[in-house]
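For reference, the structure is listed below as structure tokens.
Treat the numbers as computed from the prediction; the structure is a model and nothing was measured. We name chains A, B, ... by the order of the sequence lines, and we start the count at 1 in each one.
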Amino acid sequence: MIKRKIAVYLKKAVKIKDFEMEVFIPEKDDFGHYSTNVALKLAKLSQQSPMLIAEEIKNALSLVIAKDFFQKIEVAKPGFINFWISKKVLQSELKEILKKKEKYGAENKKKEKIQVEFISANPTGPLTLANGRGGFFGDVLSNILEFCGYKVEREYYVNDTGNQILTLGKSILANAGIIDSEENFYKGSYVKNWAKKNSAIIKKYKNNSLKLGQAAAKDFLKNIKQAVQKKSGIKFDRFTSEEKDIHQKSFIKKALKIFKSKKLTYEKDGALWLQTTKFGDEKDRVLITKDGFPTYFLADSGHFLETKTRGFKNKIMILGPDHHGYVRRAKAAAEILGLKNLQIIITQAMRLVKGGEEVKMSKRRGEFITFEELIKEVGADAARFFFLVHSADTHMDFDIDLARERSMKNPVYYVQYAAVRVNSIIKKLSNIKHQASRVDLGLLNTKEDLDLMRLLVCFPEAIESSAQSRNPQILARYSLDLARQFHNFYEKERIIGVQNDLVLARMELIKATQIIFKNLFSLLGINLPKKM
RNA sequence: GCGCCCGUAGCUCAACUGGACAGAGCGCUUGGCUUCGAACCAAGAGGUUGUGGGUUCAACUCCUGCCGGGCGCACCA
């Protein structure tokens, strides 16, 4: 990884401990292929002129760098040091891509276990768009972490017991006219539809709302699994059942025991409380109600304990926007129970726009577009990519008309088209045989050749920053950049029909491009079409 | 009222977590297919980054006062 190599050189040249060598790719070509601001940072510490420090670093660098690594190093205006990479470095990196293929950019060192929990929507109805957003996010983040060497478990936590399942059962009974309806009941058409098809079950459980709710939940979960795994390619390793895996295995009792043994609980107003305020929460939380029922917070604590017991120290939870008030208390519980590293990512809300106007969505009232409908409407790839190019914390507008109308102009097609073009060229070249060792990559000399090479070589960097910042968006954006760069190359340079040796060199370049696209598509979970 | 998130081109979003002249797509105006796929490329117009102050060599980014929006604030999940 070139960026990392430069950072190492800087470290050798500067010789200051614990100082981060920040290297970035500047936006303008005049500022080099890579650049650093270390001199500016150091100037602050040492009270010297940044330009002077930059010059000193530049001189010190000349003693430690491998020859032929840089083409040019320049000190610029306020105190930046700009680097131009030599072509040889690019050429050898290109060979690296061709050699490592689908493993290029991957970490071969094995890292620790990490659990990614996402979607985890209650099985009380179909998935919403927000669920889908979190679903794609979690799926791709898991892919990326796996690529980086982590042992990832993708978990869907199913709340298949408790109050909301009871409410679901009651909602069905109310729908069938057996009991009176209440404000907080589920009223969507999916409740009606289920009731219509299952009158026998309703009759059987008309005096047991929980059992009825569970029966319905089972069906809803089946549909969710279908929508997620079959229709949108989101993978899970484990559907953890609250009832079977947490309650029945008495993790709730165990969690409670730990809370008590650490003397962090107390009784008040007949309920049992946990002192989450000691861990930064704004108020303490109830574990057991005065009626003796465990709260959902306690059940989740049991879940954390269960995860820890199965050997996880790291967990990432991807939650919807309505759960941000929950973050502090979840972290508090995880900390107490010894689940060392819990990271919570909140995906922000979306506004659904239709005909230029906002459509208010409400799951309880049953007014919303389901995730499944979206997939059916615009296709899994388009929906996936659309969500992925937006960062988790933008409150994005989702214009359903626009999604339909422009479905063929969705950014995903731009990327797919580039990859398809690559493949079709390679197909045309398939009859040319040659020995890779005899190809002279030094012939790749035009601006387009070099720009493309330079971007290909950034793939590992995109992976790394995507993984570190837990942000799949970076990778999605990179794929757009690469597509643009390739379309550009395609327009200006030719592969077939140039002089013989150059054909061979360009062929290698195109093959490397194909490899990177393949890697990108598999990480992003997008199909690579044969034709468009 | 308190807390979290957001406000960037006509619209939808970026900006490598404090870096150099704020970038893409859509839409609009123009130009490019007798050779690898035009679902593409090139050029142009379009900005006081909601707003006032502060910190810094450097602020869309950090602090702060307002304005506007979303979402939370249960012994529900």
Side-chain angles (χ1 to χ4, degrees), chain A residues 3 22-28 30-31 35-37 40-41 43-44 49-51 76-80 82 122 124 159 162-167 184 242 268-273 282-283 285-297 299-300 320-328 346 348-351 353 356 386 389-399 402 406 408-411 413-414 416-418 420-429 458 461-462 465-466 469 471 473-474 477-478 480-481 483-484 486-488 490-498 506 510 531-532:
Chain A
K3 210 188 237 181
E22 197 184 320
V23 178
F24 57 94
I25 298 172
E27 284 186 21
K28 242 191 140 188
D30 302 1
F31 301 146
S35 183
T36 183
N37 57 10
L40 288 154
K41 290 261 162 75
K44 190 165 250 173
S49 140
M51 284 300 274
K77 290 184 260 176
F80 293 102
N82 300 332
N122 294 337
T124 51
N159 297 106
N163 226 313
Q164 79 286 352
I165 299 294
L166 191 67
T167 304
N184 65 337
E242 180 182 347
K268 197 180 99 185
D269 306 332
L272 188 73
W273 298 69
E282 51 202 41
K283 56 183 170 187
R285 306 291 170 175
V286 172
L287 293 167
I288 295 185
T289 69
K290 65 179 173 201
D291 305 322
F293 292 110
T295 59
Y296 136 100
F297 173 53
D300 269 10
D322 47 340
H323 281 74
H324 66 254
Y326 183 68
V327 172
R328 300 271 176 162
I346 303 282
Q348 283 306 329
M350 281 172 295
R351 286 181 354 135
V353 180
F386 187 77
V389 288
H390 293 87
S391 86
D393 51 22
T394 66
H395 300 241
M396 51 189 276
D397 271 16
F398 196 97
D399 189 325
L402 211 70
R406 308 216 179 292
M408 289 314 258
K409 279 194 172 177
N410 185 296
Y413 297 104
Y414 185 79
Q416 284 180 327
Y417 184 46
V420 166
R421 273 179 152 179
V422 169
N423 289 351
S424 107
I425 293 169
I426 288 178
K427 215 172 176 183
K428 284 223 160 102
L429 287 166
C458 285
E461 287 155 20
S465 69
S466 210
S469 59
N471 190 0
Q473 185 215 13
I474 292 173
R477 293 269 162 192
Y478 172 80
L480 275 173
D481 285 345
R484 181 167 304 113
F486 177 75
H487 283 311
N488 218 289
Y490 183 91
E491 202 69 24
K492 287 177 186 142
E493 305 293 349
R494 298 191 53 82
I495 294 100
I496 298 168
V498 288
R506 288 250 163 92
I510 287 306
K531 271 189 211 166
M532 295 193 70

Inset, instruction - Check every atom of B:C36, B:C75, B:C41 against the side chain of A:Ser424 and return the nucleotide holding the closest atom. - result: B:C36
Legend entry - Any donor-acceptor N/O pair under 3.5 Å between B:A20 base and A:Asn82 side chain: yes
Inset, instruction - Using modelled atom types only, decide if a donor and an acceptor are shared between the side chain of A:Gln348 and the backbone of A:Ala392 within a distance under 3.5 Å. - result: no
Inset, instruction - Please report the closest heavy-atom contact between A:Ile496 and A:Arg494, naming both atoms and the distance. - result: O-NE, 3.2 Å
Inset, instruction - Could you check whether A:Tyr490 gets within reach of a base, just the sugar-phosphate, or nothing at all, counting any heavy atom under 4.0 Å? - result: base
Tabulated below should be each protein N or O lying under 3.5 Å from an N or O of nucleotides 54-60 of chain B; please produce it.
none

Inset, instruction - State the syn/anti category of B:C33 according to its glycosidic angle, syn meaning within 90° of 0. - result: syn
Inset, instruction - Identify the two heavy atoms, one from A:Asn82 and one from A:Ala76, that lie closest to each other, and give their separation to 0.1 Å. - result: ND2-CB, 3.5 Å
Inset, instruction - Rounded to whole angstrom, note down the P distance from B:G72 over to B:U30. - result: 48 Å
Legend entry - Touch class at under 4.0 angstrom, heavy-atom based, for A:Asp269 against every strand present: base
Legend entry - Nucleotide of B:A22, B:C36, B:C40 approaching A:Ile495 most closely (side-chain heavy atoms): B:C36
Inset, instruction - For the pair A:Phe80 and A:Phe24, name the ring-plane relationship: parallel under 30°, tilted 30 to 60°, perpendicular over 60°. - result: perpendicular
Legend entry - Euclidean distance for C1', B:U8 against B:G50 (whole angstrom): 10 Å
Legend entry - C1' gap between B:U29 and B:C63, integer Å: 44 Å
Inset, instruction - Can you tell me the pairing partner of B:A42 across any strand shown, Watson-Crick or G-U wobble, with both distances under 3.5 angstrom? - result: B:U30
Inset, instruction - Let me have a per-nucleotide readout for nucleotides 3-13 of chain B, 5' to 3', with B, S or -, counting only protein heavy atoms under 4.0 Å. - result: BBBS-----SS
Legend entry - Side-chain N,O (A:Asn471) to OP1/OP2 (B:C16) below 4.0 Å: no
Legend entry - Nearest-0.5 Å distance that lies between atom SG in A:Cys458 and atom NZ in A:Lys3: 7.5 Å
Legend entry - Identified pairing partner of B:U17, criterion: Watson-Crick or G-U wobble below 3.5 Å: none
Inset, instruction - Using the P atom as the reference point in each nucleotide, state the distance between B:G37 and B:C41 in Å, no decimals. - result: 16 Å
Inset, instruction - Name the residue closer to the 5' end of RNA chain B, choosing between A:Glu493 and A:Phe31 according to the nucleotide with the nearest heavy atom. - result: A:Phe31
Legend entry - Along RNA chain B (nearest heavy atom to each residue), the more 5'-positioned of A:Lys268 and A:Ser469: A:Ser469
Inset, instruction - Round to a whole Å and report the spacing from CG of A:Asp300 to P of B:C75. - result: 16 Å
Inset, instruction - Indicate, with a heavy-atom threshold strictly under 4.0 Å, whether A:Glu242 touches base, sugar-phosphate, or nothing. - result: nothing
Inset, instruction - Please evaluate the base of B:G19 for a donor-acceptor partner in the side chain of A:Asn37 within a cut-off of under 3.5 Å? - result: yes
Legend entry - N/O (side chain, A:Tyr414) to phosphate O (OP1/OP2, B:C26) under 4.0 Å: no
Inset, instruction - May I ask you to test the A:Lys428-A:Ile495 pair for a side-chain heavy-atom distance under 4.5 Å? - result: no
Inset, instruction - Mind calculating the distance between CZ (A:Phe24) and P (B:U17) to the nearest angstrom? - result: 9 Å
Legend entry - A:Val286 side-chain proximity, nearest of B:C75, B:A77, B:G19: B:C75
Legend entry - CA sep, side-chain torsions, deciding dist, call: A:Thr295, A:Thr289, side chain to side chain contact (heavy atoms under 4.5 Å, CB included): CA-CA 7 Å; A:Thr295 59; A:Thr289 69; 4.0 Å; yes
Legend entry - B:G53 to B:A77 separation - P atoms, rounded to the nearest Å: 50 Å
Inset, instruction - Between B:G46 and B:G68, how far apart are the P atoms? Round to whole Å, please. - result: 32 Å
Inset, instruction - Indicate whether OP1 or OP2 belonging to B:A38 is found under 4.0 Å from a side-chain N or O atom of A:Arg421. - result: yes
Inset, instruction - Fit a plane to each ring of A:Tyr326 and A:His323, take the angle between them on a 0 to 90° scale, and name the class: parallel (under 30°), tilted (30 to 60°) or perpendicular (over 60°). - result: perpendicular
Inset, instruction - Would you kindly give the NZ-to-P distance between A:Lys77 and B:A20, to the nearest whole Å? - result: 10 Å
Inset, instruction - Output yes when at least one side-chain N/O atom of A:Lys531 is less than 4.0 Å from OP1 or OP2 of B:A39, else no. - result: no
Inset, instruction - Check every strand shown and say whether A:Val327 touches a base, only sugar-phosphate, or nothing at a heavy-atom separation below 4.0 Å. - result: nothing
Legend entry - Distance in angstrom units between A:Arg285 CZ and B:G72 P, rounded: 15 Å
Inset, instruction - Can you tell me, in whole Å, how much space there is between the P of B:U55 and that of B:C73? - result: 40 Å
Return the polar atom pairs (N/O with N/O) between nucleotides 32-35 of chain B and the protein under 3.5 Å, or none.
| unit_1 | atom_1 | unit_2 | atom_2 | d |
| --- | --- | --- | --- | --- |
| B:G32 | N2 | A:Glu491 | OE2 | 3.2 |

Inset, instruction - Taking only the side-chain nitrogens and oxygens of A:Tyr413, find out if one of them lies under 4.0 Å from OP1 or OP2 of B:A39. - result: no
Legend entry - Side-chain donor or acceptor of A:Asp269 paired with backbone N/O of A:Ala271 under 3.5 Å: no
Legend entry - Touch class at under 4.0 angstrom, heavy-atom based, for A:Lys290 against every strand present: base
Legend entry - Nucleotide nearest A:Met532 when distance is taken to its side chain, options B:A42, B:G37, B:G25: B:G37
Legend entry - For B:C71, the Watson-Crick or wobble counterpart (both distances under 3.5 Å): B:G3
Inset, instruction - Give a yes or no on whether A:Arg328 atom CZ has more than 12 heavy-atom contacts from other residues, nucleotides or ligands under 6.0 Å away. - result: no
Inset, instruction - Report yes if the side chains of A:Asn163 and A:Phe293 come closer than 4.5 Å at any heavy-atom pair, otherwise no. - result: no
Inset, instruction - State the pairing partner of B:U48; accept Watson-Crick or G-U wobble contacts with both distances under 3.5 Å, and report none otherwise. - result: none
Inset, instruction - Return yes if some donor-acceptor pair links the side-chain N/O of A:His324 with the main-chain N/O of A:Pro321 below 3.5 Å, else return no. - result: yes
Inset, instruction - Give one of base, sugar-phosphate or nothing for A:Pro411, where a contact means two heavy atoms less than 4.0 Å apart. - result: nothing
Legend entry - Closest non-hydrogen atom pair, A:Arg484 against A:Tyr414: CA-OH, 3.2 Å
Legend entry - A:Phe80 over B:G19, stacked by centroid distance under 5.5 Å, angle under 30°: no
Inset, instruction - Rounded off to whole Å, could you give me the CG-to-C1' distance for the A:Asp291 and B:C76 pair? - result: 13 Å
Inset, instruction - With rounding to the nearest 0.5 Å, note down the distance linking CZ in A:Phe486 to OH in A:Tyr417. - result: 10.0 Å
Legend entry - Distance between P atoms of B:C16 and B:C60 (Å, rounded): 12 Å
Inset, instruction - Output yes when a side-chain donor or acceptor of A:Glu22 lies under 3.5 Å from a complementary backbone atom of A:Lys41, and no otherwise. - result: no
Legend entry - Spacing of A:Glu27 atom CD relative to B:G23 atom C1', expressed in whole Å: 6 Å
Legend entry - Where the chi angle of B:U17 falls, syn if within 90° of 0 and anti if not: syn
Legend entry - Distance in angstrom units between A:Leu480 CG and B:G25 P, rounded: 10 Å
Legend entry - Nearest atoms (heavy-atom pairs only) where A:Glu242 meets A:Ala299: OE2-CB, 3.4 Å
Inset, instruction - Ignoring backbone atoms, establish whether A:Thr295 has a side-chain N or O less than 4.0 Å from OP1 or OP2 of B:C75. - result: no
